[in-house]
> 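Structure below; questions to follow.
Only a predicted model underlies this, so the values are computations on that prediction, with no experimental measurement involved. For the numbers below, each heavy atom of this structure counts, side chains included, while hydrogens, waters and symmetry mates do not.
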Amino acid sequence: MSEAVSRWFCRCVVALVLLGGAPGVQAQEPIAWEVVSDSLQVRSLTLSGDSAVHFVGTDGAWVWRRADESFTRFNRAGAYTGILMASTGRLFFLDSSVRMSTDYGAMTPLAVHEGKAILEMPTGTLVVVGDGGHVNRSTDAGDTWTATPIPVFDTVLGRGLAFAPPTPELPFGRLVTVGLGGAAVSDDGGLTWEETNLAQFFGYDAESVVYSAALGAFFTAMNGAVEDGGSQFGAIRKSVDGRVWETVGRLPADERGFVSKLAAGANGSLWAVMGGLDNVPQGEVWRSVDGGVTWQSVGAFDGEALVGNRLIVRDVVIGPEGRVWVGFSQGVGGPFKKGLLVRTVEAVAASGAAGEPATPSEALVLGTPYPNPGTGAVTVPLTLAQATTVRVAVVDLLGREVAVLHDGLLVAGTQTLTFETVGLPAGVYVVRARVGAVTETRRVTVAR
């Protein structure tokens, strides 16, 4: 890896402790974040099936590969606003039009204009929404496209797409699109569209919509007039059928820009970032664990402290293992230097208990430390599929190693490691074990 890329892929860890919410809001456990890149200008993130994260920004397109945690810039041209890695291995880029690449190199312009959001359904059908009151569909992996009008949504500037998987009652699943003007829904793969109860006028503006399988509902953040008064920004709306929407909560977005992206975790958590106003620097990530009713800050990233310039948060996605990724680009005002890409240290959005990894690797299984909370010696079970080199350490929520349990060769099988909590301040710590590119984490609380 080059020296420059090494600088981008700094392994420093930042911790953002959950801020106290409003009275009556249940406190959530603090979340530790680590900086994956402190230079790249991220505008949009997407997760692909080849154990990689693809993202685009003001300086082109990049791929991060899980195997060796390395970055590669594969396209230098264009300030793209969206990207999708399809199941066919084709990459689709969004800006003023839609372009396609089959080899991480040459890009082919497609007959699709003003692409703002792209989605691939389980059937392989690709759907693009953008300005102009219609969607574009392709059933042949992107070779040809057909424009489908949305008569009830003809004034919308499409911004987001979400898909609920097929059921016996809905063999084609359910598509929802949102944008400047409201929302529309399709139960036939995007061929026909129906109106919803969200008013179709300029006051409603949504940038993102997600479907939560754990909660069985769609969620969107509408920035505009709300029926019950109060804030004009960040109203969180929920719909089970995509047609009837209700306001279930609100983010404090009045002085922070508007809610630009949402993500849904397998454990029922919802995540949001605020951005969109280039004159308002943003760095805050929000989470809801009660279906969007209440929200708490789980990360306030200071761009000046981290990268030396202001930041605007752009996108949030959740990996298959349950780790949350957040991308930033540089803000306006002051010197333009660096962006930021961060992710949670733990699988905080995986199915099951928050903070637990989704599926342990066969190469490494880190057990639950005990006693937990601990007041003296804490035991950490560890199982290895084969003899290998492993590093096991305890880190605080600022990413500082406070104890190294082992760093070297260990034999195959189950064994235990211990560390002493005497002298450690009371609080939450993370036990982290690494074998090559595989990392497992567990939380432990030190009590007094």
Side-chain angles (χ1 to χ4, degrees), residues 1-3 5-15 32-37 50-53 64-72 319-323 325 342-348 350 352-353 355-425 427-446:
M1 190 183 306
S2 69
E3 181 180 352
V5 173
S6 296
R7 290 199 305 271
W8 292 329
F9 194 68
C10 67
R11 302 305 302 167
C12 55
V13 178
V14 293
W33 300 81
E34 63 180 353
V35 177
V36 183
S37 160
D50 60 350
S51 298
V53 175
W64 174 90
R65 298 198 180 279
R66 191 184 310 274
D68 57 3
E69 298 198 334
S70 65
F71 288 110
T72 302
E321 78 288 358
R323 297 172 78 175
W325 294 68
V342 301
R343 63 183 177 187
T344 57
V345 172
E346 297 180 276
V348 295
E356 293 296 319
T359 304
S361 164
E362 293 182 358
L364 168 67
V365 177
L366 182 63
T368 301
Y370 63 89
N372 193 1
T375 56
V378 172
T379 300
V380 180
L382 179 72
T383 302
L384 298 174
Q386 61 185 17
T388 187
T389 298
V390 59
R391 181 178 176 86
V392 184
V394 180
V395 300
D396 63 15
L397 289 183
L398 292 177
R400 300 172 298 198
E401 288 190 351
V402 299
V404 177
L405 282 60
H406 188 85
D407 189 7
L409 184 67
L410 277 180
V411 299
T414 300
Q415 48 220 293
T416 58
L417 304 172
T418 61
F419 72 95
E420 183 59 58
T421 65
V422 175
L424 293 179
V428 178
Y429 295 81
V430 176
V431 179
R432 180 173 60 196
R434 285 180 174 169
V435 173
V438 177
T439 300
E440 291 281 322
T441 59
R442 289 289 188 271
R443 292 189 181 207
V444 62
T445 300
V446 173

> Rounded to the nearest 0.5 Å, how far does CG of Leu382 lie from OG1 of Thr416?
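Result: 9.5 Å between the selected atoms.
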
> In a check of side chain to side chain contact (heavy atoms under 4.5 Å, CB included) between Phe419 and each of Thr379, Val444, Val402, which one passes?
Val444

> Might you point out which heavy atoms bring Pro371 and Ala377 nearest each other, and give the distance in Å?
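Taking Pro371 first and Ala377 second, the nearest heavy atoms are CD-O, 3.6 Å.
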
> Less than 6.0 Å separating the ring centroids of Trp325 and Trp33?
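Not under 6.0 Å, so no.
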
> So, for Val380 and Pro369, which heavy atoms are closest and what is the spacing to 0.1 Å?
CG2-CB, 4.3 Å

> Sequence neighbours left out, what passes side-chain contact (heavy atoms from CB on, under 4.5 Å) with Pro381? Give chain and number order.
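With sequence neighbours excluded, Pro381 shows a side-chain contact (heavy atoms from CB on, under 4.5 Å) to Tyr370, given in chain and number order.
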
> Please report the closest heavy-atom contact between Ala393 and Glu401, naming both atoms and the distance.
CB-OE2, 3.6 Å

> Applying side-chain contact (heavy atoms from CB on, under 4.5 Å) to Val395 and Tyr429, what does each step give before you reach the verdict?
CA-CA 6 Å; Val395 300; Tyr429 295 81; over 6 Å; no

> Check Leu366 against Val431 and note the closest heavy-atom contact, atom names and distance.
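Nearest pair, atom of Leu366 first, then Val431: CD2-O, 3.6 Å.
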
> In plain terms, say whether Glu346 and Arg323 are close enough for a salt bridge, that is, a side-chain N and a carboxylate O under 4.0 Å apart.
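No, this pair does not count.
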
> If you compare all heavy atoms of Ala412 against all heavy atoms of Ala385, which two are closest, and at what distance to 0.1 Å?
CB-O, 3.9 Å

> I need the Arg443 CZ to Thr445 OG1 distance, nearest 0.5 Å.
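Rounded to the nearest 0.5 Å, the CZ-OG1 separation comes out at 8.5 Å.
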
> Mind jotting down which residue pairs meet the salt bridge (Lys or Arg N to Asp or Glu O under 4.0 Å) criterion with at least one end in residues 405-414? Sequence neighbours excluded, please.
Arg391-Asp407

> With side chains defined as the heavy atoms from C-beta onward, is the minimum distance between Ser37 and Phe71 less than 4.5 Å?
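Heavy-atom side-chain distance check passes, below 4.5 Å.
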
> Specify the closest pair of heavy atoms between Thr418 and Leu405, including all atoms of both residues, with the distance to one decimal.
O-CG, 3.9 Å

> What's the verdict on side-chain contact (heavy atoms from CB on, under 4.5 Å) for Val365 and Glu440, showing C-alpha distance, side-chain angles and the deciding distance?
CA-CA 7 Å; Val365 177; Glu440 291 281 322; over 6 Å; no

> Show me the pairs that pass salt bridge (Lys or Arg N to Asp or Glu O under 4.0 Å) and involve residues 369-388, at least two apart or across chains.
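Residue pairs with at least one partner in residues 369-388: there are none.
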
> So, taking the atom named CG in Leu364 and the one named CG in Leu384, what distance separates them when rounded to the nearest 0.5 Å?
6.0 Å

> Find out whether Val390 and Arg434 are in side-chain contact, i.e. whether some heavy atom of one side chain is under 4.5 Å from a heavy atom of the other.
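Result no, sub-4.5 Å side-chain heavy-atom pair not found.
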
